[in-house]
Amino acid sequence: MGITIFWSEWDGKSGSHDLLRRAVGEFLHCRPEALVFGQGEHGRPELAGREDVDFSISHSEKLWACAVGSCRVGLDLQKEYEKNGEKLARRFFHPQEIAWMEAHGFGHFSRIWTYKESYVKYTGTGLSSGLDYFSVIQGLQAGENESLGVVQQEIPFLESYWMVLTSAGRQEVTLRHL
């Protein structure tokens with residue numbers, strides 16, 4: 001079945017749940033109003049009664065996105081920021097990531113942040129455990145991160161945005177505007 005990433009312009013205030021219903025409804029070919037959502041482990045949102053479907057929501061500025069698939073997914077979307085992020089990286093990132101940015105430039109901050117958020121959305125742990133206990137550099141360079149047991153795919157998207165999908169294995173990905 002693969003993974004479909006639905007995206008839309010968004011006012012940043014309301015309607016995220018409606019967009020989620022539309023996205024999951026389109027993926028499952030069912031009426032959006034028939035879907036029931038709940039919370040799973042760590043409070044991670046899930047589709048009630050459906051272990052065969054997973055989703056992950058992200059937004060940045062005026063854009064909203066949601067990955068829906070038949071396997072566990074984590075999606076993050078980030079606008080590329082002009083700032084180099086060195087202070088934030090040194091405070092929150094794994095030493096391996098800091099060393100990589102020292103060699104390649106702290107201008108990669110937004111890109112690495114997107115990989116990291118995609119992974120914590122995949123695991124369901126969120127940001128509460130911090131971001132320095134794992135490294136995404138292997139995934140950034142090779143796509144597959146054996147140390148984390150996941151595949152991370154950069155999804156070509158709009159200019160000046162990073163989009164990263166984390167899943168258990170390489171998946172065919174379709175990008176659809178809602």
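All residue numbers in this chain count up from 1 along the given sequence.
Judged by distance alone, with hydrogens and angles left aside, the side-chain atoms of Thr4 form no donor-acceptor pair with the main-chain N or O of Phe27 at under 3.5 Å. Here the side chain of Thr114 pairs a donor or acceptor atom with the backbone of Ser110 at under 3.5 angstrom.
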Requested in this report: Would you please test Ser56 and Tyr122 for side-chain contact (heavy atoms from CB on, under 4.5 Å) and show each step?
Outcome: CA-CA 8 Å; Ser56 180; Tyr122 172 84; over 6 Å; no
Report task. Might you work through the side-chain contact (heavy atoms from CB on, under 4.5 Å) test for Ile3 and Ser167, ending with a clear yes or no? Result -> CA-CA 10 Å; Ile3 296 170; Ser167 60; 4.3 Å; yes
Query raised in the report: Stepwise, does the side-chain contact (heavy atoms from CB on, under 4.5 Å) test hold for Arg176 with Trp7?
Result: CA-CA 6 Å; Arg176 291 189 49 200; Trp7 70 278; 6.0 Å; no
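Using a 4.0 Å cut-off between a side-chain N of Lys or Arg and a carboxylate O of Asp or Glu, Arg22 and Glu33 do not qualify as a salt bridge. With respect to Arg50 and Asp52, a salt bridge is recorded, a charged nitrogen being found less than 4.0 Å from a carboxylate O. The existence of a salt bridge linking Lys121 and Asp76 is confirmed by a sub-4.0 Å separation between a basic side-chain nitrogen and an acidic carboxylate oxygen. A salt bridge does not link Asp132 with Lys116: every distance from a Lys NZ or Arg NE/NH1/NH2 to an Asp or Glu carboxylate oxygen is 4.0 Å or more.
Counting heavy atoms from C-beta outward, Phe106 and Arg90 have side chains that approach closer than 4.5 Å. When side chains are defined from C-beta on, Arg170 counts as touching Gln153, because their heavy atoms get closer than 4.5 Å.
Cluster annotation: Val151 is not connected to Ile5 through the hydrophobic network of ILVMFWY side chains, with a link wherever side-chain heavy atoms come within less than 4.5 Å. Trp162 and Ile155 end up in different hydrophobic clusters when Ile, Leu, Val, Met, Phe, Trp and Tyr side chains are linked at under 4.5 Å. If you chain together hydrophobic residues whose side chains sit under 4.5 Å apart, Val36 and Val68 never meet in one group.
Here Phe109 and Tyr81 keep their ring centres 6.0 angstrom or further from each other. The aromatic ring centres of Phe55 and Phe37 sit less than 6.0 Å apart.
In this structure, a donor-acceptor pair under 3.5 Å is absent between the side chains of Gln78 and Ser60. A donor-acceptor pair shorter than 3.5 Å can be found between the side chains of Trp64 and Ser16.
Ring pair Tyr119/Phe134 is tilted by interplanar angle, where 30° to 60° counts as tilted.
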